[in-house]
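This report concerns only the one structure given below.
Computed from a predicted model, the values in this text were never measured in an experiment.
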Amino acid sequence: MNQFIAYCGLDCSKCEAYIATANNDDGLRRKVAKEWSELNNVEITPEMINCDGCRTGGRKTVFCDSLCPIRQCALKKGCETCGQCGELDTCQTVKMVHDSSPEALQNLKG
């Protein structure tokens with residue numbers, strides 16, 4: 001499976017945090033930090049916007065590294081992605097991602 005497909009099925013290579021990191025784009029880091037701060041009602045600084053992908057070695061945002069319940073569950077179960085989990089079709093945690101991004105579910109099943 002493509003290393004940039006996250007545990008939940010989202011494509012990390014399309015994430016603005018990944019793009020900002022890959023291109024060392026401080027302007028995009030500032031934009032993402034502002035958007036994520038407003039969205040999550042917490043302070044996220046541009047310095048926090050460094051991510052090489054959910055399932056790759058290297059840097060991750062604080063959320064992706066230690067707060068994402070989907071990533072933590074997959075790591076605990078030893079699954080490469082949620083697509084390997086027998087609970088994929090009934091899991092309420094990953095369902096919220098798939099409800100807003102049907103492409104993520106297709107990435108896991110395809």
First locate atom [atom1] of [X], then atom [atom2] of [Y], and finally report the distance between them rounded to the nearest 0.5 Å.
X: D89; Y: L105; atom1: CG; atom2: CG; value: 7.5 Å
X: C91; Y: K95; atom1: SG; atom2: NZ; value: 10.5 Å
X: I5; Y: C54; atom1: CD1; atom2: SG; value: 10.5 Å
X: Y7; Y: C12; atom1: OH; atom2: SG; value: 10.0 Å
X: I44; Y: S37; atom1: CD1; atom2: OG; value: 4.5 Å
X: L88; Y: T81; atom1: CG; atom2: OG1; value: 8.0 Å

Minimal non-hydrogen separation, [X] against [Y], with atom names:
X: P69; Y: F63; value: CD-CZ, 4.3 Å
X: P46; Y: R30; value: CG-CG, 3.7 Å
X: C8; Y: I70; value: CB-CG2, 3.9 Å
X: A17; Y: V32; value: N-CG2, 4.4 Å
X: L28; Y: A20; value: CD2-N, 3.7 Å
X: Q84; Y: E80; value: OE1-N, 2.6 Å

Using modelled atom types and a 3.5 Å cut-off, is there a donor and acceptor pairing between side-chain atoms of [X] and backbone atoms of [Y]?
X: S101; Y: H98; answer: no
X: N40; Y: V42; answer: no
X: R29; Y: T45; answer: no
X: N23; Y: D25; answer: no
X: D65; Y: T61; answer: no
X: T21; Y: D52; answer: no
X: N107; Y: G9; answer: yes

Check your understanding: Should L10 and V62 be counted in the same cluster of Ile, Leu, Val, Met, Phe, Trp and Tyr side chains packed under 4.5 Å apart?
Key ->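 Looking at the clustering, V62 is in a separate group from L10.
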
Exercise for review: Would you sort out whether L39 and E35 count as a side-chain contact (heavy atoms from CB on, under 4.5 Å), showing the intermediate values?
Suggested key: CA-CA 6 Å; L39 182 67; E35 288 175 358; over 6 Å; no

Check your understanding: Under 4.0 Å between a Lys/Arg side-chain N and an Asp/Glu carboxylate O for E103 and K14?
Key ->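 Salt bridge flag = yes for K14 with E103.
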
Exercise for review: Indicate yes or no: does K31 engage D26 in a salt bridge with an N to O separation below 4.0 Å.
Suggested key: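 No, no charged N to carboxylate O under 4.0 Å.
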
Practice item. Could you tell me whether Q72 atom CD has more than 12 heavy atoms of other residues or ligands within 6.0 Å of it? Key: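 Enclosed.
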
**Study point:** K60 side chain near C51 side chain, heavy-atom distance below 4.5 Å
**Key:**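 When only atoms from C-beta onward are counted, C51 and K60 do touch, with a gap below 4.5 Å.
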
